[in-house]
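What follows is a structure written as structure tokens; I'll ask about it next.
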Amino acid sequence: MRAFLSVAFLAIGIAIGGAFPRVSEFVQGALAAAGLVSPRTAPTTNAAMTKPATPEADDGHGHGEHGREHAEGEPKPSSEHRHSEGESKPEAGGHKHAEGEAHGHDDEGEGRIKMTAEQAAEQDIKLATVAGGILSRHLLVPGTIAQDADRIARVPVRVVGTVAEMRKRLGEEVAKGEVVAVLDSREVAEAKSDFLTAMVKADLEKTNFDRQQALWDKRISAESAFLNAKAAYSEATLRVDLARQKLSALGLNAAEVATSAKKDETTPNLSSLRRYELKSPLAGRVVERKVDVGTAVGKEGDPADVYTVADLSSVWIELAIPTTELSKVREGAKVTIVGGDDASRGVGKVVFVSPILNAETRSARVIVALPNKDMTWRPGTFVTTEVEIAQDKVAVRLPKSAIQTIGGEKVVFVRTPDGFERRDVTIGKADDDAFEILSGLKPGDEVAVANSFVLKAELGKAEADHDH
């Protein structure tokens with residue numbers, strides 16, 4: 001019976017203790033005093049009861065959930081908390097790091113990027129050594145491609161006649177002195193005949209003069225006969241000279257005419273007296289053909305030339321410079337054609353600045369000589385040009401492609417032994433291609449000048465990881 005009562009009291013005490021801790025402590029003490037329970041089961045002290053239980057869940061800062069609020073006036077738990085086995089202890093500040101997680105930050109967060117030379121080459125990052133240079137200022141001016149007046153010529157008709165042959169077509173290349181057309185001319189025939197006749201007459205008079213001089217030296221003939229022979233010979237020589245000059249005026253060579261006459265003796269049916277050959281005055285291409293075979297030329301109202309030949313290996317750019325900008329343009333200044341493909345950017349120089357203004361446009365004519373070896377530029381084409389008006393020498397010149405903007409600051413990426421380093425710079429003057437660097441770089445530094453935006457992106461990722 002006593003055992004039954006002990007069990008009953010024990011059950012009631014446990015039930016009450018679960019709801020009322022302090023009552024449970026009193027009951028359990030009474031049971032221990034009565035010898036109904038073992039003293040080893042005695043309740044812990046109040047300080048021990050206020051100690052929090054093992055945390056069941058982490059709140060993100062490494063603190064386990066207490067499960068209940070501390071009673072008002074109770075001592076707060078110590079800052080040391082019990083952690084489950086294998087759980088890492090929280091860092092100062094309440095942040096918990098996973099086991100093996102690196103502490104601190106890499107140098108990349110300080111403006112450095114680790115990258116080997118092979119990796120840079122794969123990203124097509126090109127480097128250049130910093131050096132001084134020249135910044136060029138330009139004036140943007142429209143212009144027109146034109147033929148070089150010194151490299152264009154017409155094949156003129158100097159005699160009256162009819163076109164017998166046209167040996168060149170439009171666009172064909174011709175050499176200087178090459179025969180391009182043949183005329184049939186009575187005027188040429190008469191000039192050649194006069195020359196050949198004068199030559200024959202002069203030979204006869206010379207023979208007679210030589211004979212009379214020999215007789216006069218021996219005093220066999222009269223002096224009057226000798227003097228008459230001398231006068232006749234002098235007159236014949238003069239006629240030959242006049243006939244030769246006439247041929248020269250027509251563009252004919254007296255020696256060639258005499259040679260042709262000897263050939264005609266063997267082929268009398270193919271006389272060359274009436275043939276007049278037209279030759280190109282310069283090497284180039286036929287850009288215009290004005291007559292056809294059978295066309296009468298040379299007379300008033302007839303065509304004065306048969307071909308136009310132009311050497312387009314060099315052309316002109318005609319510019320109209322306003323008076324407000326005219327003082328900046330100098331002969332010899334560099335001129336670049338812009339607005340087209342990079343492959344077709346032409347470079348020439350100013351060869352003439354007119355001292356006279358156009359009365360209507362109030363602008364001066366400026367001529368630019370432009371090489372045209374590959375025949376890219378065609379006369380009549382409208383172009384936009386940059387005329388160099390000034391040059392500034394700077395100690396540090398850097399291509400614009402090397403400059404990046406990060407946080408409102410101008411930066412470049414300098415090559416280091418293990419990668420690249422961000423370097424803030426101060427820029428000064430600029431032209432179309434480069435900046436003057438006032439501070440941040442010195443000659444000899446090796447800088448990324450192409451695809452530097454890749455390094456900017458890599459630096460951004462590194463800084464994002466650093467902030468995390």
Side-chain angles (χ1 to χ4, degrees), residues 146-205 235-313 379:
Q147 294 178 352
D148 187 338
D150 297 329
R151 296 173 179 265
I152 186 171
R154 292 173 174 81
V155 182
V157 176
R158 299 180 179 179
V159 299
V160 176
T162 303
V163 178
E165 296 180 28
M166 295 291 287
R167 297 186 177 180
K168 292 294 180 179
R169 297 180 180 180
L170 283 175
E172 289 187 348
E173 298 284 344
V174 298
K176 183 177 181 180
E178 183 179 359
V179 177
V180 295
V182 178
L183 302 182
D184 185 9
S185 173
R186 181 183 300 175
E187 181 181 359
V188 171
E190 291 177 354
K192 289 181 178 180
S193 298
D194 291 343
F195 173 73
L196 294 174
T197 301
M199 288 285 291
V200 172
K201 181 67 173 177
D203 288 342
L204 293 175
E205 294 297 339
E235 183 179 355
T237 303
L238 179 61
R239 289 184 179 276
V240 171
D241 291 339
L242 292 175
R244 183 182 289 108
Q245 291 179 14
K246 186 175 181 180
L247 290 177
S248 179
L250 296 177
L252 298 173
N253 185 283
E256 293 178 354
V257 171
T259 302
S260 298
K262 293 180 179 180
K263 291 181 179 180
D264 291 344
E265 293 177 359
T266 59
T267 56
N269 295 328
L270 298 175
S271 176
S272 61
L273 287 178
R274 298 175 63 91
R275 287 175 60 84
Y276 180 68
E277 295 179 342
L278 301 179
K279 300 178 180 180
S280 175
L282 56 78
R285 298 181 67 189
V286 176
V287 296
E288 188 177 8
R289 173 175 167 167
K290 298 184 177 181
V291 299
D292 298 319
V293 175
T295 302
V297 294
K299 295 181 181 178
E300 185 176 355
D302 292 342
D305 49 88
V306 294
Y307 287 116
T308 300
V309 178
D311 178 8
L312 299 179
S313 61

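Values below: all heavy atoms of this structure, side chains included; hydrogens, waters and symmetry mates excluded.
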Pairing of Arg186 and Glu190 as salt bridge, 4.0 angstrom limit: no
Please list every donor-acceptor pair under 3.5 Å in which a side-chain atom of residues 250-257 meets a protein atom from a residue at least two apart or in another chain.
| from | atom 1 | to | atom 2 | distance (Å) |
| --- | --- | --- | --- | --- |
| Asn253 | OD1 | Ala255 | N | 2.9 |
| Asn253 | OD1 | Glu256 | N | 3.1 |

For residues 242-249, run the donor-acceptor check on the side chains, cut-off 3.5 Å, and write out each pair with its distance to 0.1 Å, sequence neighbours left out.
| from | atom 1 | to | atom 2 | distance (Å) |
| --- | --- | --- | --- | --- |
| Arg244 | NH1 | Asp241 | OD1 | 3.2 |

query: Okay, side chain of Arg151, backbone of Ala310: is any donor-acceptor separation there less than 3.5 Å?
result: no
query: Between Lys168 and Glu172, which heavy-atom pair has the shortest distance, and what is it?
result: CD-OE1, 3.3 Å
message: Just to verify, which of Arg154, Glu288, Met166 counts as forming a side-chain contact (heavy atoms from CB on, under 4.5 Å) with Tyr307?
response: Met166
query: Take atom NZ in Lys201; do more than 12 heavy atoms of anything else shown fall under 6.0 Å from it?
result: no
message: If you apply the rule salt bridge (charged side-chain N to carboxylate O under 4.0 Å, His left out), what do you find for Arg275 with Glu165, and how did you get there?
response: CA-CA 10 Å; Arg275 287 175 60 84; Glu165 296 180 28; 3.5 Å; yes
field: Stepwise side chain to side chain contact (heavy atoms under 4.5 Å, CB included) test for Tyr276 and Arg158
entry: CA-CA 10 Å; Tyr276 180 68; Arg158 299 180 179 179; 3.6 Å; yes
- prompt: Atom CG of Leu183 and atom CG of Leu278: how far apart are they, to the nearest 0.5 Å?
  reply: 4.0 Å
task: May I ask you to test the Arg274-Val188 pair for a side-chain heavy-atom distance under 4.5 Å?
output: no
- prompt: Can you name the residues that form a salt bridge (charged side-chain N to carboxylate O under 4.0 Å, His left out) with Lys279, not counting sequence neighbours?
  reply: none
Any donor-acceptor N/O pair, Thr162 side chain to Gly294 backbone, under 3.5 Å: no
message: Are the side chains of Leu282 and Val309 in contact, using a 4.5 Å heavy-atom criterion?
response: yes
- prompt: Side chains of Val306 and Lys290: does their closest heavy-atom pair fall under 4.5 Å?
  reply: no
message: I'd like to know whether CZ of Arg289 has more than 12 heavy-atom contacts from other residues, nucleotides or ligands below 6.0 angstrom.
response: yes
message: Applying side chain to side chain contact (heavy atoms under 4.5 Å, CB included) to Leu273 and Leu196, what does each step give before you reach the verdict?
response: CA-CA 10 Å; Leu273 287 178; Leu196 294 174; 4.0 Å; yes
task: Given side chain to side chain contact (heavy atoms under 4.5 Å, CB included), test Val155 with Asp305 step by step and report yes or no.
output: CA-CA 5 Å; Val155 182; Asp305 49 88; 5.5 Å; no
field: Minimum side-chain heavy-atom gap Val286-Ser280 below 4.5 Å
entry: no
message: Determine whether Val163 and Asp292 satisfy the following criterion, side chain to side chain contact (heavy atoms under 4.5 Å, CB included), listing intermediate values before the conclusion.
response: CA-CA 7 Å; Val163 178; Asp292 298 319; over 6 Å; no
